[in-house]
Amino acid sequence: MWRYPRILAHRGGGTLAPENTFAGLRRGMDYGFRAIEFDVMLARDGVPVVLHDPYLGRTVSGAGHVFDYDAHELAQMDAGSWFGPDFRGEPVPLFVEYVQYCKARGIWMNIEIKPARGFDRETGDKVARITRAVFADEIAAGQLERVPLLSSFSLAALESARDAAPDLPRAILMSELPPGWEPLARSVEAVAIHTNHRHLTPALAKVVRDAGFGLFCYTVDEPVRARELLDWGVQAFCTDRIDLIGPDFA
Ligand code: G3P
Ligand code: MG
């Protein structure tokens, strides 16, 4: 079952702006997107920040691991120059601020919990508690279609998120569905399976749907392939090519 938007901008604005930044979000909105996927992990002080890599260097100017720095230090680093000079000084977003910014603009979120190695439970716990606090009114009102969907490759992070905020929906990320994927998904009470479209087959898509799970794919950048996946029963996907695949793609 999938009660959410069908087309999401990957990492905020796909590959048209620096990933996981406010500038990325704004670029996504410029293209009409009101639904995004993004990544979150913990800084040294346990404060979650919006980042994909557990180390600096690719998208953030600097060196070392994310957990070598407190969140306020990361928030002053440059997460935009790698993409282009126009984005110099674009900060690493604090998770809570990013979520509040999205909520205020009606942007639906798939929050990917991306723990650094060894921080799985703590990351799942923090992200779930903050998300639940920001969306307390919507949860209380039963407006579940507006509440973010938490996803992760980490089973421990999902377990921890479930324990901290059982009323927040969860999805399990699996690049390729292994034998026994269904008990794994049920163990964290996942509402959806998020998987790499490259490993999906029509038969597998049917098995997932028949088992009652929502089915989401990453990261789909070709319109022909997107059409094919939707025909297989895939209910939603994220894209880096927000210029080729719009929010109303059907
Ligand atoms: O959440 C789907 C997708 O973002 C997973 O891969 O590496 O882009 O975070 P990655
Ligand atoms: Mg991701």
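All ligand and atom numbering here is 1-based and tracks the order in the structure.
Under the 4.5 Å side-chain criterion, counting only non-hydrogen atoms from C-beta, F216 is not in contact with I193.
Within the listing of ligand 1, atoms 1 (O), 2 (C), 3 (C), 4 (O) sit less than 4.0 angstrom from a heavy atom of E37. Proximity to K114 (heavy-atom distance under 4.0 Å) selects the following atoms of ligand 1: 7 (O), 9 (O), 10 (P).
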| said: Assess the residue pair M77 and L56 against the criterion (side chain to side chain contact (heavy atoms under 4.5 Å, CB included)); give the C-alpha distance rounded to whole Å, side-chain angles, the decisive distance to 0.1 Å, and a yes or no. | reply: CA-CA 10 Å; M77 293 182 184; L56 309 184; 3.7 Å; yes
| Residue pair D240, T219: steps toward the side-chain hydrogen bond (donor to acceptor under 3.5 Å, both in side chains) verdict | CA-CA 7 Å; D240 275 330; T219 300; 5.0 Å; no
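For a threshold of 3.5 Å applied to N or O pairs, the pair formed by H52 and ligand 1 contains at least one separation below that value.
Within 6.0 Å of CZ in R88 there are 12 or fewer heavy atoms belonging to other residues, nucleotides or ligands. Applying the 6.0 Å contact sphere to CZ of R198 captures no more than 12 heavy atoms from other residues, nucleotides or ligands.
Taking the six-membered ring for Trp and thresholds of 30 and 60 degrees, F237 and F249 have ring planes more than 60 degrees apart, a perpendicular arrangement.
The name of the N, O or S atom in E37 nearest to the Mg ion (ligand 2) is OE2.
Considering E112, R11, H194 only, the shortest heavy-atom separation from atom 8 (O) of ligand 1 involves R11.
Under 4.0 Å from ligand 1, the heavy atoms of D39 that appear belong solely to its side chain.
Close to ligand 1: H10, with a non-hydrogen atom less than 4.0 angstrom away.
Rounded to 10°, the angle formed at the Mg ion (ligand 2) by E112 OE1 and D39 OD1 is 80°.
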